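Residue numbers begin at 1 in each chain, while the letters A, B, ... track the order of the sequences. Quick caveat: nothing in here was measured; it's all calculated off a predicted structure. Every heavy atom of this structure was used, including side-chain atoms; hydrogens, water molecules and symmetry mates were not.
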There are 2 protein chains.
Amino acid sequence: METRELRYFVAVAEELHFGRAAERLGIAQPPLSRAIQQLERRLGAALLDRTSRTVTLTEAGSVLLAEGRAALDAVEAAERRTRRAALASAGRPGLVLVTKASASRELLAELLDAYAAEPGAVPVDVILCGPAEQERFLREGRADVALLHRPFDSTAGFHTEELGTEGQVVVLPAGHPLTVRTHVHMADITGLPGLPLPRWPCADGTYQPGPGPQVRDHAQLLQLVALGRACAVSPESCRAQLHSDLAAVPVLDAPKVTTVIAWPPHSRSRAVADLVRTATRLR
Amino acid sequence: METRELRYFVAVAEELHFGRAAERLGIAQPPLSRAIQQLERRLGAALLDRTSRTVTLTEAGSVLLAEGRAALDAVEAAERRTRRAALASAGRPGLVLVTKASASRELLAELLDAYAAEPGAVPVDVILCGPAEQERFLREGRADVALLHRPFDSTAGFHTEELGTEGQVVVLPAGHPLTVRTHVHMADITGLPGLPLPRWPCADGTYQPGPGPQVRDHAQLLQLVALGRACAVSPESCRAQLHSDLAAVPVLDAPKVTTVIAWPPHSRSRAVADLVRTATRLR
DNA sequence: GGCAGCGATACCATCCGGGTATCGATCCGG
DNA sequence: CCGGATCGATACCCGGATGGTATCGCTGCC
């Protein structure tokens with residue numbers, strides 16, 4: 001199977017419309033139809049049910065959509081990492097670390113300082129991204145290492161080392177009655193009148209239907225809390241970033257959050273290995 | 001990047017010889033040279049240093065070799081899983097489970113029985129393979145789930161659930177002086193006169209240089225132990241498979257072995273999910 | 001210094017991927 | 001119930017990419 005065929009199929013499977021898919025791919029519709037037919041012949045499997053009016057995925061088709069996306073990611077990552085390796089050996093070596101914009105600020109600073117002090121350290125570029133985007137950066141070869149937070153981020157497909165575990169706190173507007181408590185439980189804060197828990201985007205950028213405001217990042221969330229429109233359950237370490245108009249109370253039975261450093265398997269880079277070693281030593 | 005180009009590059013990178021690589025690929029040498037040049041131009045990176053006498057990998061080249069193999073595996077897996085999905089929906093659904101030939105026999109029997117009793121269970125084919133081959137089967141889409149044994153097998157790139165942990169024993173010829181002991185330590189058994197620990201093949205099928213006999217699987221190993229040519233450190237559960245000419249003694253400070261059930265991310269199969277759920281319940 | 005081995009280049013044939021025009025089926029509005 | 005609109009499939013043609021053969025140029029070695 002050629003990546004071109006996979007790209008074509010993924011486009012059609014996502015659009016469920018040959019015309020739009022062809023447009024997206026920048027080719028005409030007939031060659032696209034032919035390419036898909038040929039792919040189906042070679043696989044010996046129907047991928048799409050076409051009724052000349054609608055296109056739907058077959059069982060095999062949805063498998064190929066999921067697997068094909070992963071395979072295309074892997075090819076793209078191979079390409080990007082090769083380019084980066086070439087740049088690196090041409091004199092501009094450097095690591096790219098990606099982490100959520102909101103989390104582990106202290107840990108990250110500590111890590112970067114400690115690594116920079118190592119012999120043979122290379123410059124580290126830091127990318128700050130929205131929640132759940134780190135995985136994509138790492139998978140697509142845009143970054144060399146990531147700081148992830150279990151259980152929020154999935155670590156499937158990566159090598160990881162645990163860096164630390166922390167409890168969670170509920171962030172409330174200053175002056176809220178609950179802020180006098182030394183601790184609360186989840187039951188105390190679900191369904192607080194006027195302070196719903198927010199909804200985060202799924203991996204595809206859409207939101208589950210339901211109550212609660214939609215938020216894109218942590219800053220936005222804290223804004224909402226300060227405005228008295230939501231409350232938030234966050235890792236303890238976010239306390240360092242809270243203004244005086246916000247208060248935090250430990251939630252005893254919230255799941256513990258584990259910060260891990262993650263990197264792609266097949267990484268043969270000494271710099272990544274050094275950074276990981278530094279990170280585990282800090283722990 | 002097309003998979004054809006990747007396959008070509010991987011062949012050359014593995015052979016480090018254009019002529020042999022071309023032969024392996026079933027094409028002539030000139031088109032291969034051209035394809036690699038074109039790939040290098042498009043990536044903007046030298047992948048190979050050619051001195052008209054020898055071919056060596058550049059830094060970027062070895063990155064692309066590692067990443068490219070992974071990407072090709074992913075493409076191949078996508079293809080195979082799609083074919084399997086098509087077969088499954090055409091009336092022959094079934095799971096393929098792969099595990100080491102030597103390990104977890106009881107656990108496996110228990111799991112298969114329990115799963116077969118579930119409503120909606122599908123037939124499970126079991127593949128028994130040599131050590132460290134399970135990962136390949138899973139990655140290449142030849143199997144849907146695997147039983148792996150940490151720390152021997154790497155679980156990188158898969159979703160996993162732990163099924164159980166056990167200690168290790170040293171397997172000795174019956175009558176060996178140490179067999180009267182109730183337990184031993186690693187120090188007691190390294191360098192036993194005439195009973196070296198064996199060497200296992202690496203992922204690429206070659207053996208590290210060093211002392212100790214080369215073994216390919218567990219049966220072969222036990223044979224060697226029975227012949228008084230080696231001793232072996234194995235998970236406790238192997239005791240059930242020992243003949244009377246072999247004896248086992250617990251090794252207190254050997255690393256604990258964890259059996260895990262692993263499956264590829266992107267698996268959308270209900271059967272896999274059911275099997276995993278059954279497995280975790282047994283635990 | 002001549003020869004053997006190896007990768008690169010030159011040049012040619014072929015096939016495949018892409019484009020345009022058009023068909024056939026289905027849905028929908030009148 | 002008919003006609004137009006929409007959409008995927010088919011027919012046919014073209015150009016470029018891919019593969020083959022012949023040969024060159026370099027390098028190491030007897």
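Counting to the nearest Å, the P atom of C/dG7 and the CD1 atom of B/I36 are 11 Å from each other. Taking atom CG on B/L32 and atom C1' on D/dG19, their separation rounds to 11 Å, with Å as the unit. One atom, CD of B/E40, and another, C1' of C/dG7, lie 12 Å apart when rounded to the nearest Å. Atom pair B/E23:CD and D/dG19:P shows a separation of 17 Å (rounding to whole Å applied). Residue B/E15 contributes atom CD, which lies 18 Å from atom P of C/dG5 at whole-angstrom precision. Atoms CD (B/Q38) and P (C/dT9) sit 13 Å apart, rounded to a whole Å. Protein atom CG of B/L47 is 15 Å distant from nucleotide atom P of C/dG7, rounded to whole Å. As a whole-Å value, the separation of A/L39 CG from C/dG17 C1' is 15 Å.
Closest to the side chain of A/Q37, out of D/dT10, C/dA8, C/dG7, is D/dT10.
For B/D274, the salt bridge (Lys or Arg N to Asp or Glu O under 4.0 Å) partners are B/R270, B/R277, not counting sequence neighbours.
Between A/V96 and the choices A/L138, A/V124, A/I127, the side chain to side chain contact (heavy atoms under 4.5 Å, CB included) rule is met once, by A/I127.
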Apply the test side-chain contact (heavy atoms from CB on, under 4.5 Å) to residues B/M1 and B/L6: give CA-CA distance (whole Å), side-chain angles for both, the deciding distance (0.1 Å), then the verdict. CA-CA 7 Å; B/M1 221 172 9; B/L6 263 184; 4.2 Å; yes

Checking A/E14 against A/R69 for the side-chain contact (heavy atoms from CB on, under 4.5 Å) test, could you report, in this order, the C-alpha distance in whole Å, the side-chain angles of both residues, the deciding distance, and whether it holds? CA-CA 11 Å; A/E14 283 177 357; A/R69 276 175 177 153; 2.8 Å; yes

Give the C-alpha distance, both sets of side-chain angles, the deciding distance and a yes or no for side-chain contact (heavy atoms from CB on, under 4.5 Å) between A/L48 and A/F18. CA-CA 11 Å; A/L48 299 165; A/F18 280 74; 3.9 Å; yes

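No cation-pi contact links A/R150 to A/F152, judged by a cut-off of 6.0 Å to the six-membered ring centre and 45° from its axis.
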Which nucleotides of nucleotides 18-26 of chain C have their base under 4.0 Å from a protein heavy atom (B), which only their sugar-phosphate (S), and which neither (-), written as one string 5' to 3'? BBBB---BB

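Between B/S33 and C/dA8 there is a side-chain polar atom (N or O) within less than 4.0 angstrom of OP1 or OP2.
Within the nucleic acid shown, A/E2 has no heavy atom closer than 4.0 Å to any nucleic acid atom.
Atom CD of A/E23 is surrounded by 12 or fewer heavy atoms from other residues, nucleotides or ligands within 6.0 Å.
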